[in-house]
Amino acid sequence: MKQTFITLTCLYLISLLPGELLAQGFGPRTPEQDSLMARQQRKTQADHQLMMTALHISALRPGPSGNPKAPNAANVDEAKATTYTTLPDPLTLKNGQPVSSAKTWWAKRRPELVEDFDREVYGRMPANTPGVRWEVVSQKDTVEGSHPIRLKRLVGHVDNSTYPALTVNIDMVLATPLAATGPVPVMLEFGFRFPPGFRMPQPPTSTTAPAPPSWQQQLLAKGWGYAIIYPTSFQADNGAGLTEGIIGLVNKGKPRQPDDWGTLRAWAWGASRALDYFETDKAVDARQVGIEGLSRFGKAAAVAMAYEPRFAIGFIGSSGEGGVKIHRRTFGEQVENLAGSGEYHWMAGNFIKYAGPLTPNDLPVDAHELVALCAPRPVFISVGSPTVEGQWVDAKGLFLGGAYASPVYELLGKKGLGTMVFPPMETALIDGDIAFRQHSGGHTTGPNWPTFLQFADRYMQVKAGK
Ligand code: GCU
């Protein structure tokens, strides 16, 4: 069992890593790994087909390629990106009436948007999800860099009494500074899980300059704590896993309905359960917990922030298509990619429709409205360099996701992004409650942590204990 877990984890990571990292981090795949992967892919294909049949769809438009040299490469020419004349207005009700007060936003417009995102985009979280019992499985006092910390390993045991055939556990670690005199702010990261012995290859560093502090050390230096939740511990990152994990448990092992929750919503559910735990841990100030993630976990962080009002701040890293990138933009990754068998599991089954017969223009909502659901809470949108990270993620599409959400923040008495003009690289737009910065590195939030923390300082404080 443990062996299978490690093998699958390795396969998962292999599928994520670019070739050159792969060559350094892992050896070639064994025949056993190949056959496991093939079996998983067949199960995914079958589930994707089942959903297409349920939706009466016989064919989908294929998405473009992420390989810039491929004949069907995704568009990276700004002149050819659409000008989205049909971008939905977050401040117009479905009946055509303008939303001109905070009251109408909360009572009418926000619920309309939530319903559309639930039904067509991320899927509905079940009305009743099972309870979670958190257990501290180990605890030790140690150091991280030069910071003394208390490190807890936690497991959230999900109540499976309605369907004992599936066991679901949420894995998490929590580190808080030992010097704290009261509950501390915590950043919760959706973490990639590395198998034992694997070391993420690091970029070459100069031997004279000391390595910059890690994000964890930057938080601890401010007197904050950090936590890492492992989303794939409770919901696998593929279509084959939809009849297992928390989604499978609630459905008693049956496939999803078209408006059932997808994996992003399930990962966000797990982050909410982590917050439930923080509310019981005296070391954590549960009213000052932020959520952070990169890429697919950047999408999950955006979804968690939008749906869970207890998250105080969001740090949304390179979330791309399905995150805060405008769907109606022909640049980089497209709706058609998200609807394909490799990614559809992140979304509601209904989302597949928008890759045929419908089009992205038919979506009742777009990504700026996901940012709007986070209002009035602060959100930092992060992306890397087009030459190092690549253009698949669509930096400008992410920026616009924030920019077009600004009117909602302003209606609620906050400040939006403050400009509609895409800024030069490394320009920090952090004066408003929606922030944006494109760093000059690759597919990581790393270089943006200092700017994020500068932004976050306006909202989060370490309070002295009694
Ligand atoms: C793929 C996918 C992206 C995703 C990324 C990741 O590139 O197309 O949407 O964000 O993987 O999670 O690394």
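All ligand and atom numbering here is 1-based and tracks the order in the structure.
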For Trp346 and ligand 1, answer yes if some heavy atom of the residue is under 4.0 Å from a ligand atom, otherwise no.
yes

Can you confirm whether Arg458 is buried at CZ, in the sense that more than 12 heavy atoms of other residues, nucleotides or ligands lie under 6.0 Å from that atom?
yes

Under 3.5 Å: N/O of [X] near N/O of ligand 1:
| X | result |
| --- | --- |
| Ser318 | no |
| Glu333 | yes |
| Trp392 | yes |

Considering only heavy atoms of His443, which atoms of ligand 1 have at least one such atom less than 4.0 Å away?
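In order of number, 13 (O).
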
Check each atom of ligand 1 against the heavy atoms of Ser295 and keep those under 4.0 Å away; list them by number with element.
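With Ser295 as reference, the close atoms of ligand 1 come out as 4 (C), 5 (C), 6 (C), 10 (O), 12 (O), 13 (O).
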
Hey, would you say the Trp449 and Phe315 ring centroids sit under 6.0 Å apart?
yes

Taking the six-membered ring for Trp and the single ring otherwise, decide whether the centroids of Trp215 and Tyr226 are under 6.0 Å apart.
yes

Should the ring pair Phe351 and Tyr354 be called parallel, tilted or perpendicular, given that the plane angle runs from 0 to 90° and is split at 30 and 60?
tilted

Going by an N to O cut-off under 4.0 Å, is there a salt bridge joining Arg329 and Glu78?
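Salt bridge flag = yes for Glu78 with Arg329.
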
